[in-house]
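Computed from a predicted model, the values in this text were never measured in an experiment. Protein chains get the first letters and strands the later ones, always in sequence-line order, with residue 1 at the start of each.
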Amino acid sequence: MAVPRVCVLRAPGTNCDVETAHAFELAGASAERIHLFRLLEDPSRLNEFQILCVPGGFSYGDDLGAGVIFSRQLRGQLNEAMREFLQSDKLVLGICNGFQTILKAGLLMRRGIENSAEKPLEDQVTLTWNANGRYTDRWVRLKVTSCNSVFLKGIDEFDVPMAHAEGRIALKHPELLDQLRENSQIAACYWSPAAVEMAKASGDPTRIALLPEPENPNGSLANIAGLCDTTGRVLGLMPHPERFLFATQHPQWTRRGLRGEGDGIRIFRNAVTYFG
Amino acid sequence: MLWEVEILPIGSEKDYEGQRVLASAKSQGITGLKSVISARTFLIQGELTPEDINRAADQMLVDSVTEQFHVRQLPASSADVASSQAQILLNVLLHPGVTDSVAENAVKALTRLNLSVTNVATCRRYWITGDLAAARLTQLTKKVLSNDAIEYVVKGPLQIKDLSLGSEYKLKLTTVPIRDMNDDELMVLSKKGQLYLSIAEMKTVQDYFRSLQRDPTDIELETVAQTWSEHCSHKTLGGRIHYVETSAGKVVRDVHFNSMLKETIFAATVQIRESLGKDDWCVSVFKDNAGIVKFDDRQNVCIKVETHNHPSAIEPYGGANTGLGGVIRDPLGTGLGARPVCSTDVFCFARPDYPADQLPPGVLHPQAVMQGVVSGVRDYGNRMGIPTVNGAVCFDDRYLGNPLVYCGNVAMIPVDKCDKKVSPGDLIVSVGGRTGRDGIHGATFSSVELTEESEHISGGAVQIGNPVTEKMVADVILAARDLNLYSAITDCGAGGFSSAVGEMGEDTGAEVWLDKAPLKYSGLSYTEIWISEAQERMVLSVPPANWEQFRDLCASEGVEATAIGQFTDTRQLVLKYGETKVGEVSMHFLHDGRPPVIREAVYDIKENYLASGAESDKADFTDDLQKILGSLNVASKEWIIRQYDHEVQAGSVIKPLVGIHNDGPSDAAVVRPDLNSSRGLVVSCGINPHFGDQDPYWMAASAIDEAVRNCVAVGADPSRIAILDNFCWGNTERPETLGTLVRAAVGCQDMAVAYGTPFVSGKDSLNNEFSYEDGSGTRRTVAIPSTLLITALGQVDDVETCVTMDLKGPGNLLYLIGETKDEMGGSHYNLVNGISGGKVPTVNKEGAPKTFRALHQAIKQGLVLSCHDLSEGGLAVAAAEMAFAGGVGIKIDLKAGSVVQLFSESNTRFLVEVAVSSEGAFSELLAGVTLEKLGMTSTGEELVITSSGRQLVRASLKDLKACWQKPLA
């Protein structure tokens, strides 16, 4: 199997780059942590990689909003490089602050990669303050709700930790939600046993009532935890799959007798397998 | 041209800041407030057209999905600002020079949009409506909307015209005519100049300059004051102490310590290391910025715990923020630099519902202090990507004017990077943040008592941190370390460059070029540059041959590195500004010239204990249990824990909250610092100021026992536990106060030796008192309870052997390990029932280590399903917590159905769950240890405790958990 090369892109304030690179390595990729400034000096360096991952953290302190400054560099100085990357058969993963960054950079909301200059939903979808107004760290259960995403292939439900202050999806116009559904862009939703029943009734896991805290930890619209682009090759996820590589990271491993791997590794392995 | 961009949430979005203000005002008793609307505002200066400023807002500053904005040119006329007659418009701005990373990043980001922006400031804006008397409005403004230590408030539309900061600075050398001063004049100089030196010290300085036949410059005096401050030199506890201990009028101990800490706490470590011989696992203790012990063949582990009490009293957010930021720089400045892997934070506050109308002048409401402190720690730790995994919160009203904030950090360091050595010729290099007027006199300020005036005179000592800068510094320094680009490193903490360079150059000498230091804004004097405690700075010694490579590496990640001097071989500290020498002091005088502090310490052992309350004739204790679970010290801290990222770096093994709903109180945290290894670090703490009120010796012993047993309870190897001491005491110039400290230190020494747990680092914070004038004009002083925090750093060979405290299922056996004694003194049963007296818990020095070893073997062999230590609230509370954490019932029967059996807080005890099938193997391993089979776990969702069939406690797990979760929800 070919070993894909991963660019784990770190900006000032990124702080999940080491464990995210470790996750890709464990999954069989070759991961390199690249500083944003190196890419700004030479955007063509991105050509060396098959996977671009923007990891979690507080890029630029989130000083002008979560992921904002980093996103402006991706869609500013690096716009051309990003366009080229998206047009090739390559993958992009944004986790937590990385999700906030790629969303606000417009990478998730381009309609067709062939003409990725067209970004109909850019700046229409945002990640904003948790409904409880606070940074929150807790484990959540997710339901994969799009068959489109390369990263989530073969996964149905899984546990994973979230840790953020601004993870609530909000839309400029309510009708955009239907567009996201139609495009299969709602990649994963917060989930619970009650949600299973509600989904049975509605016939669509993305069409159920807003789950209460803590199942939906941030009040995100339609319980959305992750979005993908229309091709399924770009994924943004608020929770942190790189924090569930080992069973012992699960909050209940001592209760459930969990050993070995954690479910989070599957997301990274899917990315590697895509190039196999 | 100056513009403002005012940003408000759109109608469908919540106004979080407005809500915070309303809630906070309510908790502080400010009535009459009807509504608050808030906006965040950027003030932007530059050659900007209206189109430019709209573009700035639209493309960078505003989230168009959730926010709306208004742009206007300043100064604003009142017609410009939407505000009705009934509304009061208030603007909160940072004092010039206070760290504002949002503004700094805005300048850079807007410049990248090709906008010619020269300056940005941020401002919070509020429209208040309500029926507020002038006094209430002032209270709201000063205590809820802003903090005047760092902010100021402008009423009405902003009239600012210009944001430029700084002024031209022309060198003006100041000499202080100290040689001719009499004692009174010396003391006036000491106090007014915020040197806070004693008369003996001032006279020593005077003699030194008389011998040089010249008067000192201001910078020379400041250098001496910083170096000799209690904060930097620990002169009291490291000094000479005459300690007399009496009992029933007889002297039972009379000791002359030459250096009290060395002869007690440090001596214990020396003794332990000697007895370990070639198996000694300490690497570097009590000499560097953090203690270092062995971890595995490739890496050692460092730990340091600090306090940041006085700054947190005045500005809780900034104080706690920079407290954590500061302690992270300690391991980073240890050896050649360690990589931070987790943090621990312990706070002491007055109760958060303290009556607002009874607050002494100058004191912030404890609710506001708690909110601010938690937010400060949260924002620094989370932003740096260091998980905050452990902590505790103690409540006592004596912390009202003087809250305690302990921050600790654990970090990994390669085995070959644990030593540093400065060589003459190496460049003195400042890395990281720029120098401003922030934090002037922090070292001397932290060493004196707080008063109601402190928030005014010491405001300059309070700062806001910038964690992203520190993260960038840490990343680049660790990269440079692995390239061997520098020879030594230390952090810039209290005392700023003065302390850092003074310490690093102690054995060589140094020449400093103060004009080279990069400044946040112009206008700083040479002395301000030298003693500024601006955050996020490290000082390194870089061989000239590596300088360019080092500087370029830093620049490549956006970190500023500047050579500000050179180490010499003169053993003189020479300070220059341009070509002018502004100061010269010998390193010998600076480090060895301070006259020894000599103190008296007395302690009277009281043996006349009162009855313990054990003679209760109550039949049912369910109420008492619920009261204890709902007491602030015991109650769930989930509200705090969930705001901390406790899982970043992916090392989390045992989290602070465990159980079937992830909400039970873990005994300790376990973290895997290396994702390629199964070896783990265990972090826990012990603190119980209430025992100290009775006997500081046993408080120290109990704190050590608690920290160690918390560690052992999750699986740590008891033969590999390092401990740290943090003493927070009142004014130790009083012999009685110092006496309690010495007695606690002796307790630390005895217990560390008995347990084989070496102290590897420690710190003290004295003068934790608050004095004020009460309504009748009487001067009152409130001293904190003597508070010793013990932090334990344990290790576990294989993290998969760890256990948690939540019950795992019905039908398992429950054992009580350890001996329960009539030790109700300082217990939570007494506390919630208002009972005084009783003996405080003691420790069986021979038995305890055996218990720890036996339990550890049982855990290691997988015989223990769950384990919880017995601490606040004793057996009843431990049983309740295990049951509701696991969602599993308990039915136990006690031999003696007494208050003591249920609620005594005797040390070295655990409640463990063991499968029936493991019974034989378990009891065999525990042979020789006091062990009592109490009963079983059950399918019923309740806790039932009986004694010979008589019911003592019966409650549903749901009710017990609700009691425990309610107070701090």
Side-chain angles (χ1 to χ4, degrees), chain A residues 10 12-20 22-23 26 35 37-38 56-65 68-69 72-73 76-77 104 123-126 128-129 131 133-139 161 163-165 170-172 214 240 242-249 251-255 259, chain B residues 13-14 16 19-20 59-61 63-66 101-102 104-106 108-109 112-113 378-379 382-386 466-469 471-472 475 556-558 641-655 657-660 662 672 675-676 799-800 802-804 806 808 866 886:
Chain A
R10 65 189 178 103
T14 296
N15 61 34
C16 301
D17 46 320
V18 173
E19 57 268 38
T20 305
H22 186 79
L26 274 184
H35 200 286
F37 294 175
R38 302 292 79 71
F58 285 83
S59 54
Y60 296 96
D62 283 354
D63 280 342
L64 301 184
V68 167
I69 297 178
R72 295 315 186 252
Q73 290 172 306
Q77 298 100 305
K104 293 174 183 181
D123 295 340
Q124 311 266 310
V125 185
T126 197
T128 188
W129 274 94
R134 287 198 298 268
Y135 185 99
T136 305
D137 174 337
R138 64 162 65 250
W139 278 65
H164 58 247
L171 305 176
K172 186 121 185 169
H240 288 271
E242 83 283 9
R243 297 185 187 178
F244 191 25
L245 305 175
F246 316 102
T248 51
Q249 289 165 320
Q252 295 188 22
W253 71 271
T254 60
R255 299 186 69 76
R259 290 287 187 275
Chain B
E13 286 290 319
K14 219 188 210 172
Y16 290 102
Q19 304 278 319
R20 179 198 70 82
Q59 293 189 15
M60 194 61 75
L61 305 175
D63 186 329
S64 67
V65 178
T66 57
S101 72
V102 175
E104 284 169 35
N105 266 323
K108 289 182 203 156
R112 279 197 291 271
L113 290 180
R378 174 196 67 202
D379 285 354
N382 293 0
R383 277 173 167 68
M384 273 206 78
I386 301 169
N466 185 346
V468 169
T469 300
K471 168 70 175 155
M472 293 162 71
D475 284 350
S556 79
E557 299 209 354
I641 296 165
R642 292 249 173 260
Q643 294 190 61
Y644 298 153
D645 189 342
H646 47 264
E647 303 183 271
V648 61
Q649 299 192 18
S652 172
V653 175
I654 303 294
K655 300 179 206 304
L657 294 167
V658 296
I660 192 159
N662 305 330
R672 216 153 49 109
L675 299 184
N676 293 307
V799 294
E800 290 198 350
C802 288
V803 296
T804 51
D806 47 313
K808 301 301 184 294
S866 65

Chain A contact via [X] - which portion, at a heavy-atom distance below 4.5 Å:
X	result
B:R20	neither
B:E13	side chain
B:D475	side chain
B:A109	side chain
B:K808	both
B:I641	neither
B:T469	neither
B:R112	side chain
B:N105	both
B:D379	neither

When heavy-atom pairs shorter than 4.5 Å are enumerated against chain A, which of [options] gives the highest number?
options	value
B:N382, B:L657, B:I386	B:N382
B:V658, B:L675, B:T804, B:L61	B:L675
B:R383, B:H646, B:R378, B:M472	B:R383
B:E800, B:K471, B:K14	B:E800
B:P467, B:G886, B:G558, B:G651	B:G886

- Message: Would A:R72 and A:Y60 count as a cation-pi pair here, with the cationic atom under 6.0 angstrom from the ring centre and within 45° of the axis?
- Response: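 No cation-pi geometry.
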
Short question: side chain of [X], backbone of [Y] - any donor-acceptor pair under 3.5 Å?
X	Y	result
A:Q124	B:V65	no
A:T248	A:F246	no
A:E19	A:R243	no

[X] versus chain B, heavy atoms under 4.5 Å apart: side chain, backbone, both or neither?
X	answer
A:T128	side chain
A:L245	neither
A:E242	backbone
A:T14	backbone

- Message: Tell me if the centroids of the rings in A:F244 and A:W139 come within less than 6.0 Å of each other.
- Response: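 Distance test on ring centres: under 6.0 Å, yes.
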
- Message: Quick check on the 6.0 Å ring-centre criterion: do A:F37 and A:H35 meet it?
- Response: yes

- With sequence neighbours excluded, residues passing side-chain contact (heavy atoms from CB on, under 4.5 Å) with B:S652: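 Only B:E647, B:K655 meet the side-chain contact (heavy atoms from CB on, under 4.5 Å) criterion with B:S652.
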
- Count the heavy-atom pairs under 4.5 Å between each of A:R259, A:H164, A:K104, A:Q77 and chain B, then report the option with the highest count.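 The answer is A:R259.
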
- Message: Shorter than 4.5 Å, heavy atoms on both sides: which option in A:A163, A:G13, A:G61, A:A23 has the most such pairs with chain B?
- Response: A:G61

Distance check, rounded to the nearest 0.5 Å: [X] atom [atom1] versus [Y] atom [atom2]?
X	Y	atom1	atom2	answer
A:R138	B:N662	CZ	CG	8.0 Å
A:N15	B:Q649	CG	CD	8.0 Å
A:K172	B:T66	NZ	OG1	9.5 Å
B:L113	B:Q59	CG	CD	5.5 Å

- Task: Looking only at non-hydrogen atoms, find the nearest pair between B:V648 and A:C16 and report the distance.
- Result: CG2-SG, 4.0 Å

- Say whether B:S101 and A:D63, considering side chains only, have a donor N or O and an acceptor N or O under 3.5 Å apart.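 Their side chains do contain a donor-acceptor pair, which is all the 3.5 Å distance test asks for.
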
